[in-house]
Amino acid sequence: MNNPGIKLLELYLSLSGGVLLGWLLGRILPKQSPIYLGKFLFWIGVPMGILGFLRRTNLSGAIWIAPLVSWAAILLGAGLAWTWLKINQRWGKLSENTRKKPNQGSFILASMVGNTGYLGYPVTLALLGQQYFGWALFYDLLGSTIGTYGFGVALAARFGMGVTSYKQIAIAVVKNPALWSLSFGLTSRKIPLPDAVELVLQIIAWTVIGLSLILIGMRLSLLSSMRGLSQISVSLCIKMLLVPLVLGIALTMLGITGSPRLVMVLQMSMPPAFATLILAEAYNLDRELAVTGIALGCAGLFFTLPLWLWLFGV
């Protein structure tokens, strides 16, 4: 990867610009606007973007490792968070609020589920280009997405007051249009398309990335409270520092180096996903703790990215 400092600066400018624009729009436009934009991206934008980027993505090598690493990161984050809660509970260091199951549920979710789609995609594309986008895609769709709406929903139902069924979880995963887009994109990669169509697909794909950053800013503009800073700091250290470091070293020991390793480390280090807030609201977990984790995590990303580039950069 050439000139990592310049690429990082360009990434910061694009991330800051997109999120800031979204934050301003979120203050001006009706409060329902992020919902409509989110639905558009979920059902149309992201699937079209996946098709566009898959046309120029290198899928050679052991790319199947990416979802396995994603699941390892989810389970390690959840395990470390649960262990921290149990140790502090035994030592009597948990506050009255922290002893409540809804609070513990949000704490564990923030430690394991990352924003590997709306934020992980642009970070990967900016730092490593389209060639390794497939690694980020497999990590997100076959790892984070299934983990969030499978294991994450089960955990939220366990710690919250909501109920769910495994049938509903399976339906939610299967209905995800991004997974269908991935399947169609993989089977149609070798089908030649006119240059004009390829160009349109690329324009759509990059437009979706910009809209994703704007959506993040719009959602951040609607966050209203910041509570539990000390507790969520522990969760973010697990999610954004400890898990990427441990698994990054493990990948190196297994002989997985270079850009594939960096892609997976970057995906592991993403801040808590907005899905943590969605699950908190749906299953009556600690919403304010989820909000604090998202806001602080997005800010902390600017400080952690240089660390991963220094430790695991090509």
Side-chain angles (χ1 to χ4, degrees), residues 68-116 143-164 166 169 223-250 265 267-301 303-304 307:
L68 298 181
V69 173
S70 180
W71 274 98
I74 290 172
L75 295 176
L76 179 59
L80 290 174
W82 183 84
T83 301
W84 184 88
L85 288 171
K86 289 300 180 182
I87 291 175
N88 281 271
Q89 183 178 23
R90 177 170 296 182
W91 290 350
K93 293 186 177 182
L94 293 182
S95 65
E96 181 179 352
N97 187 60
T98 310
R99 288 196 293 269
K100 298 178 180 178
K101 282 194 172 183
N103 177 278
Q104 294 181 4
S106 288
F107 177 79
I108 296 175
L109 280 176
S111 302
M112 69 180 221
V113 179
N115 194 338
T116 54
S144 297
T145 298
I146 297 176
T148 299
Y149 294 103
F151 180 48
V153 167
L155 186 147
R158 169 67 177 81
F159 283 88
M161 291 178 283
V163 294
T164 189
Y166 290 106
I169 295 172
L223 302 182
S224 57
S225 61
M226 295 281 286
R227 184 181 58 77
L229 292 177
S230 59
Q231 183 185 6
I232 205 64
S233 296
V234 176
S235 179
L236 292 179
C237 284
I238 293 173
K239 174 69 188 69
M240 300 179 67
L241 290 174
L242 193 54
V243 169
L245 180 62
V246 170
L247 293 183
I249 293 174
V265 169
Q267 289 287 71
M268 286 183 238
S269 67
M270 288 298 107
F274 280 96
T276 60
L277 179 56
I278 294 172
L279 293 179
E281 292 176 337
Y283 295 94
N284 296 309
L285 300 179
D286 193 325
R287 181 184 182 278
E288 293 184 2
L289 194 69
V291 167
T292 303
I294 292 170
L296 288 184
C298 288
L301 182 65
F303 299 95
T304 58
L307 173 65

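In this text, all values refer to a predicted model and were calculated from it rather than measured experimentally.
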*asked:* Please determine whether side-chain contact (heavy atoms from CB on, under 4.5 Å) holds for the pair L75 and F151, giving the CA-CA distance in whole Å, both sets of side-chain angles, and the decisive distance to 0.1 Å.
replied: CA-CA 9 Å; L75 295 176; F151 180 48; 4.1 Å; yes
*Verify side-chain contact (heavy atoms from CB on, under 4.5 Å) between I108 and L85, making sure each step is shown before the conclusion.*
CA-CA 9 Å; I108 296 175; L85 288 171; 4.1 Å; yes
*Checking side-chain contact (heavy atoms from CB on, under 4.5 Å) for the pair T276/L285: CA distance, chi angles, key distance, verdict?*
CA-CA 9 Å; T276 60; L285 300 179; over 6 Å; no
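Pairs engaging residues 235-247 under the side chain to side chain donor-acceptor pair (under 3.5 Å) rule: S111-S235 [sequence neighbours left out].
The two residues M270 and N115 come nearest to each other via the heavy atoms CG-O, 3.5 Å. What you find for T83 and G79 is that their closest heavy atoms are OG1-O, 2.8 Å. Between C298 and P271 the shortest heavy-atom distance is N-CB, 3.7 Å. Contact between L155 and M112 at its shortest, heavy atoms only, is CD1-SD, 4.3 Å. Nearest approach of M268 to V69, heavy atoms of both residues: CE-CG1, 3.5 Å.
Remark: L289 CG to Q104 CD distance equals 11.0 Å, nearest 0.5 Å. If you take CD1 on I87 and CH2 on W82, they are separated by 9.5 Å, rounding to the nearest 0.5 Å. Taken from OG in S144 to CD in Q267, the straight-line distance is 6.5 Å, to the nearest 0.5 Å. In this structure, CH2 on W71 lies 11.0 Å from CG on L68, to the nearest 0.5 angstrom. Rounded to the nearest 0.5 angstrom, Q231 CD and L236 CG are separated by 11.0 Å. Of the inter-residue distances, the one linking L76 atom CG with I238 atom CD1 reads 9.0 Å to the nearest 0.5 angstrom.
Looking only at side-chain heavy atoms (C-beta outward), L241 and L307 come within less than 4.5 Å of each other.
Under the 3.5 Å distance criterion, the side-chain polar atoms of S106 are left unmatched by any main-chain donor or acceptor of N103.
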